[in-house]
Number of protein chains: 2
Amino acid sequence: MTDENLSTEFDLEHFLPYRLDRLADRVSEALAQLYEAHYDLNVAQWRVLAWLHHRHELTAKQICAATRMDKARVSRAIQVLEGRGLMVRRPSPRDQRWQDLRLTEAGQALMVELVPQVRAWEAELVAPLATEEYHRLLDMMERLERPLRDDE
Amino acid sequence: MTDENLSTEFDLEHFLPYRLDRLADRVSEALAQLYEAHYDLNVAQWRVLAWLHHRHELTAKQICAATRMDKARVSRAIQVLEGRGLMVRRPSPRDQRWQDLRLTEAGQALMVELVPQVRAWEAELVAPLATEEYHRLLDMMERLERPLRDDE
DNA sequence: CGTGCATGGTTTCATGTGCAACTATTAGTT
DNA sequence: AACTAATAGTTGCACATGAAACCATGCACG
């Protein structure tokens with residue numbers, strides 16, 4: 001991309017940050033309907049569950065990194081989820097500052113019920129794209145994101 | 001896309017809502033540095049300015065639709081921007097319930113200064129993509145978004 | 001060992017946001 | 001014309017969030 005027409009006019013419809021934000025917002029809103037109404041989870045809680053389901057055992061720090069959420073926000077989500085008996089935490093034997101987080105049976109059960117719904121919904125979401133296009137999309141997103149990464 | 005492997009496992013790295021959100025978040029954060037630090041604008045205020053710059057004259061309602069922000073949020077952004085002398089509002093002659101919003105000279109001047117910076121930054125952002133790829137990306141995003149649109 | 005520094009997680013506090021109630025104006029129906 | 005419904009925008013309130021202060025634990029270096 002070397003379009004150097006840097007005039008003061010710009011068309012927001014072709015401004016990537018705007019388009020990205022709008023799409024992400026709509027997608028996120030649609031997804032939220034799946035877990036909010038039926039399972040009474042907010043975004044933060046859903047993300048914590050999703051990562052624990054995905055990775056089995058994690059610390060809060062790792063969840064912060066994965067979800068890009070503030071540690072206070074993660075901490076609060078964990079409190080709620082633990083209160084609802086969906087997950088447990090115990091101080092890590094390796095380092096008492098960390099806590100190992102994992103889903104309880106109930107948490108697992110919830111995810112086993114929820115995940116297929118989410119997957120089915122996602123299949124519909126990406127239905128307008130051919131499989132090959134979808135891969136290219138993820139690849140482009142990866143290339144856009146890489147220079148923006150702070151650490152790792 | 002007709003991959004019907006709806007198992008209970010799913011890899012968040014290939015879960016579009018997650019990837020989309022993460023990218024949008026990073027992009028938005030990077031962009032915010034341009035207008036926050038130097039111009040003391042928050043996201044809502046930036047969006048209002050951007051749309052007024054783009055479309056010259058709008059009502060709050062139209063800005064709500066364009067930015068997908070709550071009308072209270074837009075209303076508050078407008079109050080601040082007007083207080084800073086960057087824009088003005090006057091009741092629309094066509095309908096006293098509406099107010100026509102437009103940038104002041106100062107608001108125009110700010111955008112004339114800011115927009116080229118934003119455009120230059122965006123050029124860097126999309127540099128990893130070939131021009132043709134970029135068009136395909138926007139096209140795919142459009143196709144993903146269309147079914148999610150509520151109205152219009 | 002022990003004193004200081006770093007780190008994971010919690011809590012406090014100030015702020016921004018969304019929802020819902022409200023005001024003012026206009027449109028519709030009879 | 002009058003009464004009702006709808007619409008644009010504002011405000012009150014309750015809640016979620018992020019930054020920073022805080023606490024507890026572990027590590028490094030003397």
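Any value given below was found using the heavy atoms of this structure, including those in side chains, with hydrogens, waters and symmetry copies removed. In what follows, chains carry the letters A, B, and so on, assigned in the order in which the sequence lines appear, proteins first and then strands, with residues in each chain numbered from 1.
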Value for NE2 (His54(B)) from CZ (Phe15(A)), rounded to nearest 0.5 Å, stands at 11.5 Å

Margin query: Regarding Tyr18(A) and Glu122(B), do their side chains bring together a donor and an acceptor under 3.5 Å, going by distance alone?
Written below: no

By ring pair (Phe, Tyr, Trp, His ring centres under 6.0 Å), Trp98(B) pairs with (sequence neighbours left out) none

Quick note, salt bridge (Lys or Arg N to Asp or Glu O under 4.0 Å) partners involving residues 49-62 of chain A, not counting sequence neighbours, are Glu57(A)-Arg102(A)

- prompt: Can you find a heavy atom in the side chain of Arg68(A) that is under 4.5 Å from one in the side chain of Arg26(B)?
  reply: yes

In whole angstroms, the gap separating P of dT25(C) from CZ of Arg90(B) amounts to 17 Å

A correct 5'-to-3' footprint of nucleotides 8-18 of chain C, with B, S and - meaning base, sugar-phosphate only and no protein heavy atom under 4.0 Å, is SBBBBB---BB

When rounded to whole Å, the CZ to C1' distance for the pair Arg94(B) and dA27(C) reads 15 Å

